[in-house]
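Every value quoted in this text rests on a predicted model; they were computed, and no experiment measured them. Side chains are part of it too, since the values below use all heavy atoms of this structure and drop only hydrogens, waters and symmetry mates. Throughout, a chain's letter reflects where its sequence line sits, starting with A, and its residues are numbered from 1.
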Amino acid sequence: MTELPNSTDRKMGLVIDLDTCVGCHACVISCKGWNTENYGAPLSDQNAYGADPSGTFLNRVHSYEVQPPEGHAQLVHFPKSCLHCEDAPCVTVCPTGASYKRVEDGIVLVNESNCIGCGLCAWSCPYGARELDLAEGVMKKCTLCVDRIYNENLPEVDRVPSCVRTCPAGARHFGDLGDPDSDVSKLVAERGGMDLMPEMGTKPVNKYLPPRPKDQIDDQIDILAPLLAPVAEEPKGFLGWLDKALDKLPGHSEGGSN
Amino acid sequence: MHPAPSVIIFTTLSGLGFGLLTFLGLGKPEVTGWVAFVFYAIAFGFAVGGLLASTFHLGRPERAWRAFSQWKTSWLSREGICAVAALVVMGLFAFGAVFLDTHWWALGWIGAALSLATVFTTSMIYTQLKTIPRWNMSLTPVMFLSFSLAGGSLLAGAEALAPWLLAIAGAVQLAYWAKGDQAFATSGTDMGTATGLGDRGTVRAFEPPHTGSNYLLREFVHVVGRKHAQKLRVIAFALGFALPLICLILPVEGLMLKHLLAGIAVLLHIAGVATSRWLFFAQAEHVVGLYYGKR
């Protein structure tokens, strides 16, 4: 049934560090690589080498520019995949029971052999985490690499989601967010981990760590600076004479008003 | 939202069909024999035709029967159950009216209630979605039900009721547009909350995840259909409500002319409601568009 469990034993999920992500898209590629040949139907591409290529991805990296009221703009790379929400609207809207949330670890999955491809779960997801595969006609989504994390055929180091294993910057962390003593929970507490679109009431399990504030150099921190020759603000000498002489000529001068 | 023809045909036709079934179940008009056969053929044609059209947008239509199982949580499942129940009950009622010249009124009333419940559950599929503020309003079910009753009364030839129901549906339509235009802004969701970066400054989409398009953009960010929205609204309102209303209240002599005008009113109304439904989808903005800096 597509009723959500009242609570799950564990809340497995990802913590994504927006401060550390360099926007290399390696997680996108490793996700597609692992998931196209493992759990469920392959992630198909349409017109892959044509003029208008597109395909199914479970993880996509956006980039945003944040312009504060004062100071320089900041570029933030923003990986986005299923947040395995506690109140997952994609599960309750499913008419067939194909969409479900696991009691044991909170992972939201699709039983692809029951999916009718109506698309309603994708409509209900605010995060764009679900994509209908055009070749297979069923809904695809992040499985948190459920076929890796418990897979005893893999070396222990590989028993994490493919995106986490691949990330060269260490921007992705995997663990139990229901356990306040887990590494990921501590990280979230320490860095002020946040929910995306909290107003949607989905209670995402995945958390995002906001970029750390940029260094602010308010005071003179370089003790040698006062001893250095100051950079000339006003032109002096010949340049000063030239500047004044040119100012006197009729016509408009661009640039500074010195 | 992508205005898929299958879903527009489905909501338009099945709304009309179940609207007519509601009136037939209540005995307006109280028909038997061949006349009843024609009425029920039209009603079932629209209702079933619409439902069949809706299966065309499925990725796996052969598994559609599974959609009846999750009535506890899913409005789509509830709609499927209501639709089948309404069709079965009204089918029995129609059998009595057409072949046995009798009306089993208990069945008729239950069938009418189930027909309205089908329209309501259809509307709730859209209304429940917080992700689409323009649909996530209490006016959405009001709109679906008022359209269905107006269209049903037109098809049923309920001369006294139809003008009033058309006027009400037209007013609901205007209110829906007025309120819907504010819905996204008042929902409180913007690029700031979507990325969680809003309290640091103005967030702008710098680079999309892929150079090409994708399922999300095709399904949820349909801007082409919005281009002529205002013109289409005038067309939808005129065809759907204003002109049919005029057709009905024109003081004309003669039964033939009256029937002709009623027929024209029905056709105009269907075209108008279909246009309104196109806008219902095309103008609906999904919050996922924010991640792409789009609406």
Side-chain angles (χ1 to χ4, degrees), chain A residues 1-3 18 25 28 52-57 60-69 73-76 78 80 89 91-98 114-120 122-128 131-134 136-139 194-201 208 210-211, chain B residues 1 55 57-64 66-80 125-126 128-132 187-189 191 193-198 200-220 286-288 290-293:
Chain A
M1 292 295 277
T2 46
E3 284 168 275
L18 298 179
H25 292 242
V28 178
D52 184 22
S54 85
T56 311
F57 284 80
R60 294 177 184 266
V61 178
H62 298 249
S63 295
Y64 298 103
E65 177 200 79
V66 184
Q67 175 65 62
Q74 193 177 0
L75 192 61
V76 179
F78 197 96
K80 188 161 57 62
V91 171
T92 51
V93 299
C94 176
T96 69
N114 281 5
C115 175
I116 59 173
C118 69
L120 192 55
W123 290 19
S124 75
C125 173
Y127 310 109
E131 301 189 13
L132 190 77
D133 188 84
L134 291 186
E136 203 69 22
V138 297
M139 197 56 71
M194 58 188 185
D195 291 345
L196 305 186
M197 288 191 203
E199 70 278 9
M200 285 282 158
Y208 282 77
Chain B
M1 298 295 290
T55 61
H57 88 284
L58 298 180
R60 290 286 192 151
E62 76 278 10
R63 299 177 185 159
R66 290 186 185 274
F68 296 112
S69 63
Q70 304 301 311
W71 49 271
K72 277 190 182 171
T73 64
S74 169
W75 282 106
L76 181 49
S77 194
R78 288 170 195 161
E79 184 219 26
I125 295 170
Y126 306 107
Q128 67 177 335
L129 298 170
K130 276 191 196 162
T131 48
I132 302 162
S187 75
T189 299
M191 283 185 75
T193 67
T195 58
L197 301 169
R200 314 174 144 255
T202 313
V203 183
R204 188 174 73 92
F206 184 78
E207 200 175 30
H210 292 78
T211 49
S213 189
N214 63 34
Y215 167 75
L216 301 169
L217 289 170
R218 286 190 298 268
E219 185 80 356
F220 301 123
H286 195 291
V287 294
V288 78
L290 292 170
Y291 286 107
Y292 293 84

Exercise. Report the relative orientation of the aromatic rings in B:Y215 and B:F220; use parallel for angles under 30°, tilted for 30 to 60°, perpendicular for over 60°.
Key: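 Perpendicular, since the angle between the ring planes exceeds 60°.
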
Given a strict heavy-atom distance threshold of 4.5 Å, which part of [X] is in contact with chain B: side chain, backbone, both, or neither?
{"X": "A:Y208", "value": "neither"}
{"X": "A:P53", "value": "backbone"}
{"X": "A:M200", "value": "both"}
{"X": "A:C118", "value": "both"}
{"X": "A:E136", "value": "both"}
{"X": "A:V61", "value": "backbone"}

Region of [X] that comes under 4.5 Å of a non-hydrogen atom in chain A:
{"X": "B:A64", "answer": "backbone"}
{"X": "B:Q128", "answer": "side chain"}
{"X": "B:R218", "answer": "side chain"}
{"X": "B:L216", "answer": "side chain"}

May I ask you to decide if [Y]'s main-chain N or O and [X]'s side chain share a donor-acceptor pair within less than 3.5 Å?
{"X": "B:T131", "Y": "A:P126", "result": "no"}
{"X": "B:R200", "Y": "A:P211", "result": "yes"}
{"X": "B:H286", "Y": "B:V288", "result": "yes"}

Do [X] and [Y] touch side chain to side chain, with heavy atoms closer than 4.5 Å?
{"X": "A:L18", "Y": "A:P210", "result": "no"}
{"X": "A:M194", "Y": "B:L197", "result": "yes"}
{"X": "B:I132", "Y": "B:M1", "result": "yes"}
{"X": "B:H210", "Y": "A:R60", "result": "yes"}

Taking [options] one by one, which has the highest count of heavy-atom pairs under 4.5 Å against chain B?
{"options": "A:G119, A:A122, A:P89", "result": "A:A122"}
{"options": "A:S63, A:S124, A:P95, A:P198", "result": "A:P95"}
{"options": "A:E131, A:Q74, A:H25", "result": "A:E131"}
{"options": "A:P69, A:C115, A:A73, A:A98", "result": "A:C115"}
{"options": "A:N114, A:V93, A:V138", "result": "A:N114"}
{"options": "A:D52, A:D133, A:D195, A:L120", "result": "A:L120"}

Quiz item: CG of A:L196 to CG of B:L290: how many Å apart, nearest 0.5 Å?
Solution: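 If we round to the nearest 0.5 Å, A:L196:CG and B:L290:CG are 12.0 Å apart.
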
Self-check item: B:T55 OG1 to B:R63 CZ distance, which is reported to the nearest 0.5 Å
Solution: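 CZ of B:R63 is found 14.5 Å from OG1 of B:T55.
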
Quiz item: With ring centroids as reference points, do B:Y292 and A:H62 lie under 6.0 angstrom apart?
Solution: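 Ring centres of A:H62 and B:Y292 closer than 6.0 Å.
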
Quiz item: When the ring centroid of A:Y64 is compared with that of B:F206, is the distance short of 6.0 Å?
Solution: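 Centroid distance A:Y64-B:F206: not below 6.0 Å, so no.
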
When heavy-atom pairs shorter than 4.5 Å are enumerated against chain A, which of [options] gives the highest number?
{"options": "B:G293, B:A205, B:P61, B:G80", "value": "B:A205"}
{"options": "B:V203, B:L58, B:L129", "value": "B:L58"}
{"options": "B:S187, B:G198, B:A67, B:P208", "value": "B:A67"}
{"options": "B:E219, B:H57, B:R60", "value": "B:R60"}
{"options": "B:G59, B:S77, B:G201", "value": "B:G59"}

Quiz item: When you measure from the centre of the six-membered ring of B:Y291, is the NZ or CZ of A:K80 under 6.0 Å away and within 45° of the axis?
Solution: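 Because its charged atom sits under 6.0 Å from the ring centre and within 45° of the axis, A:K80 does stack over B:Y291.
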
